[in-house]
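Written out below as C-alpha cells is the structure these notes cover.
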Amino acid sequence: MTVSRIRNTLGALILLAIAAFAPSPTLADARPDTLADSTWTDRWTLKNGLEVTVRHIPRGNSVAVIVAYRVGRDQDPPGRDGMADLLAEVLLSAPAGTIPERSREEMADLRPRGWNVQVTPRFSLISELVPPERFPGLLSQVATRMRGVTVTDTLMARSRQVVTRALGERYLGSPELTLIQQVRDLAAGVSDELLIARAAGRAIQKVTAQEAGDRLRRLYVPTNAVLALAGNLDGVDLHRLVSRLFEDIPGGTALREPPPVPLKAGGRTITRQDIDQPLGIVGIIAPALDDSLHPNFYLNALFISRFCEERWGAAVPPLSGRFRYPILADPAMVQLFPPVRPDETDADQLGIEVQDAIEALANSIADPDIFEEIRVNHAWILGGPMTPSLRARIREHAGTLHTLASTLAVRALWGSEEFWARYRARFLDPRVTGGERWVDFFEAPDRIVRLLLTPAKR
C-alpha cells in the first residue's frame, strides 16, 4: 500500500452518531441531559462562580465528589517550586470548621471507597468516594472545607514531609515516574540544578503557615473551582442541595491563568544506580487543546500508539505500557516508551525508533474499523456515551468511577459545554482527514523530546 493511501486511510473514518440528548424530569430545579447509555449529565454555575458538573450513573454503588482548582505547578511563585503540591496536601488534611485534621493513613479508614490528590501543571484536584447514602454528608464536609481550613505549624511540618517524599519519588524513585516527569521538565527548559532542588523539596521548606493560609484564601476559592459529582445520585435534588451548601461561600477573585509554558524539542541521558537496563521515553509536543485540529490529532495519536504497541510488543518492567497521553490532565505532550537496546547510551536513538515506527505505519495497511473502535471507546472521555461494558464496570468499580469524575471536573476547567460539544463532533466526524499531516507531525524533529535512563557502569 502506498504512503498516500495509508495517510488517506487515517482520515477515512466510520460514521458514528453523536449521542442524542433529551430532557429528563428527574430533578425539580434541573433539566439534565440523558445520553444514549442511560446516564444523564448536568452543568451549571452558582452565583459565587463555582461551576458544578454532574454525571448520574443509575444503579451505581458509589458517588465520587471532586473539587478541582485552577491552580497548578505552573502558578508556583518564583522560588516556591512545589507550592501547589504542598497546598493540595494542606487542603486534603487540614481541619475545617468542626472537621478534625486527618492524615493520609486515616484516609484509608475514612474513605475506604477511595480518595486522591492530583496536581498537574495547570490544576489541583481532590477527590473522595462514598456509598450513595453517605453522599449528602460528604458533600457537606466538602463545602465546609471550601469555606476555609485552619493551617497550623504542625500541619505544615507534616505536609512538607509528605510532599517532599512524593517529590523524591517522582524525580528519583520509580523510573517510570522519573521518565514521565522529567521529559516534560526537559521540554520546558528546566535546568539540572533546578531539577535537583525540586527533587529535594528545598523550596517548600521555606513556606510558612501564614504564607500557605494567605494563598489558600486568595486562590482556592469558588470562582476558581469546579465541583464534579459522579455516580448514583438517584433521588437527590442536586440543585437545591448544592445551592444550600455552597452558594453563600464568598466567591473570591478570579485567577488569571498564566499562558502555558512553551515546550521545545531536546534530549537528555541520565545515569541511574537502581536500574539494570536502559529505559527511555519520547515526548511528542502536541498542538493546543483549543486548536480546531486537536480532535483529529487526538484520534490519530490513539491510532499511532496502537500501531507502535503492536510493533514494539509489551513494555519491559518497570514500565507499565508503551503509550501515555493524559489529554485532560496534561494535553501538551504525547508520550511513547519505545524499546531500547541493552547497550544504548544515546537518547537520540529513541527518537529514531519512533520515527521508524511512524514510517512503517505509513507503509502499512490500516483497518478502517480500528477508527470506529477508537471513537466508541474514547467518546466518554469527551463527555459522550459509555460502552455497555464500561458502564457496568463504573457501577461496581470505584477506581473507574473516579476516573470518570476526574474527566468531568477537568473538562469543565478546560472549556464550556459548547466547546466540548464542538470537540466531540470533530472527534466523531468521519469526514475529517489529516492522516498525512499527523504522520509528518509525529516525525518532525522539532517536536520530539527524548529522555534516556541508563544504568551505572559496573
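Keep in mind that the numbers below use all heavy atoms, side chains included, and drop hydrogens, waters and symmetry copies. This one's a predicted model, so the numbers in the text were calculated from it and none came from an experiment. Counting from 1, the numbers follow the sequence of the chain as shown.
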salt_bridge([X], [Y]) N-O dist < 4.0 Å:
X: Asp356; Y: Arg311; answer: no
X: Glu417; Y: Arg411; answer: no
X: Glu101; Y: Arg158; answer: yes
X: Arg102; Y: Asp109; answer: no
X: Arg268; Y: Asp192; answer: yes
X: Arg391; Y: Asp37; answer: no

Does Asn224 reach the main-chain N or O of Tyr69 with its side chain, forming a donor-acceptor pair under 3.5 Å? no
With distance as the sole test, does Asp348 use its side chain to make a donor-acceptor pair with the main-chain N or O of Gly267 at under 3.5 Å? no
Have a look at Glu128 and tell me which of Arg145, Arg113, Arg111 forms a salt bridge (Lys or Arg N to Asp or Glu O under 4.0 Å) with it. Arg111
Go through the side-chain N and O atoms of Glu169 and Ser174 and say whether any donor and acceptor fall under 3.5 Å apart. no
Could you go through the salt bridge (Lys or Arg N to Asp or Glu O under 4.0 Å) check for Arg73 and Asp76 one step at a time? CA-CA 5 Å; Arg73 296 186 183 117; Asp76 285 345; over 6 Å; no
Can you confirm whether Pro278 sits close enough to Pro455 that some side-chain heavy atom of one is under 4.5 Å from a side-chain heavy atom of the other? yes
Hey, does Val334 have a side-chain heavy atom less than 4.5 Å from the side chain of Phe442? yes
Between CD1 of Ile304 and OH of Tyr325, what distance do you get to the nearest 0.5 Å? 12.0 Å
Measure the CG-CD1 distance between Leu382 and Ile327 for me, rounded to the nearest 0.5 Å. 6.0 Å
